[in-house]
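Reviewing the structure listed below.
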Amino acid sequence: SYIEQNEFKSYFYLFDYSIEILKEKDIIKSFLFFVSKFLYLNGYKFNLEYCNNCKKNSNLYFFDIKEGIILCNNCAKDKSMVFSDYSRSILNIFFEKKFIEIKSMEFNKNIIFELLPLFKNFLIKIFDKELKTVKNFNNIFKNQEITL
């Protein structure tokens, strides 16, 4: 009731496409799609191409929650939110690509465990509290058959 008509359409398509992916029984892909697009609709758009400070690529990245940026090992001061270059590249695809491009995409589903702390943090910021379901994320995904 607090969103405009165009925003309403965006959220409707977000739910619709997420459910479409769930029909394929791919909870991890559906979750990544939903959360990345939900963050985008809530104004979070990150540069996930390279370190935001030195502009170089790295094997590991650290997310600076306060600044909303990724940094390489040399530039990061806070190294609590770490994720691999592979996870960075997949997350970037989910932010940048459309549903039709992501729907048939294959990737290593284990990246979900690298990205969950980041998603949890931003969902808590959006809702201004930790939702009960956020506490269950690890258990939900731990029970999924994850193939490499």
* Asked: Can you check whether L60 reaches K79 side chain to side chain, under 4.5 Å on heavy atoms?
  -> no

Taken to the nearest 0.5 Å, the spacing of S80 OG from F62 CZ works out to 9.5 Å

Of F46, Y50, F83, the one forming a side chain to side chain contact (heavy atoms under 4.5 Å, CB included) with I70 is F83

For this session: Please examine the side chains of L118 and L91, heavy atoms only from C-beta on, and report whether any two atoms are closer than 4.5 Å.
Result: yes

**Study point:** L41 with I19, same ILVMFWY side-chain cluster at under 4.5 Å
**Key:** no

When every non-hydrogen atom of E49 is compared with those of N57, the smallest separation belongs to O-OD1, 3.2 Å

* Asked: Any donor-acceptor pair under 3.5 Å linking the side chain of K37 with the backbone of F94?
  -> yes

- Query: So do the side chains of L39 and I126 get within less than 4.5 Å of each other, counting heavy atoms only?
  - Reply: yes

Requested in this report: Evaluate the side-chain proximity of I93 to E101: yes if any heavy-atom separation is below 4.5 Å, no if none is.
Outcome: no

On a heavy-atom basis, the closest approach of S18 and S30 is O-OG, 2.9 Å

- Query: Hey, quick one: are L14 and L32 part of the same hydrophobic cluster, counting side-chain heavy atoms closer than 4.5 Å, chains of contacts allowed?
  - Reply: yes

Distance col, row E67:CD vs K77:NZ, nearest 0.5 angstrom, shows 9.0 Å

Identify whether L48 and L71 are in the same connected component of the hydrophobic contact network (ILVMFWY, side-chain heavy atoms under 4.5 Å).
no

Value for CD1 (I90) from CD1 (I112), rounded to nearest 0.5 Å, stands at 12.0 Å

Self-check item: Cation-pi geometry met for K29 and F31 (6.0 Å, 45°)
Solution: no

Residue set satisfying side chain to side chain donor-acceptor pair (under 3.5 Å) with E20, at least two apart, ordered chain then number -> none

In the single-linkage hydrophobic clustering (I, L, V, M, F, W, Y; side-chain heavy atoms under 4.5 Å), do L22 and F12 co-cluster? yes

Is it the case that atom CG in D16 sees more than 12 heavy atoms from other parts of the structure closer than 6.0 Å?
yes

ILVMFWY network linking I69 to M81, side-chain heavy atoms under 4.5 angstrom
no

- Message: Keeping S84 on the side-chain end and S87 on the backbone end, is there a donor-acceptor pair under 3.5 Å?
- Response: yes

Residue pairs passing the salt bridge (charged side-chain N to carboxylate O under 4.0 Å, His left out) test with at least one member in residues 50-65, sequence neighbours excluded, are none

Exercise. Flag the pair F34 / Y17 as yes when at least one side-chain heavy-atom distance between them is below 4.5 Å, and no otherwise.
Key: no

In this structure, NZ of K45 is separated from OG of S36 (nearest 0.5 Å) by 10.0 Å

Separation between CG (L116) and CD (E114), nearest 0.5 Å, reads 10.5 Å

TODO: For atom OH of Y40, decide whether the heavy atoms of other residues, nucleotides or ligands shown that lie under 6.0 angstrom number more than 12.
DONE: no

Are the aromatic ring centres of F38 and Y44 under 6.0 angstrom apart?
-> no

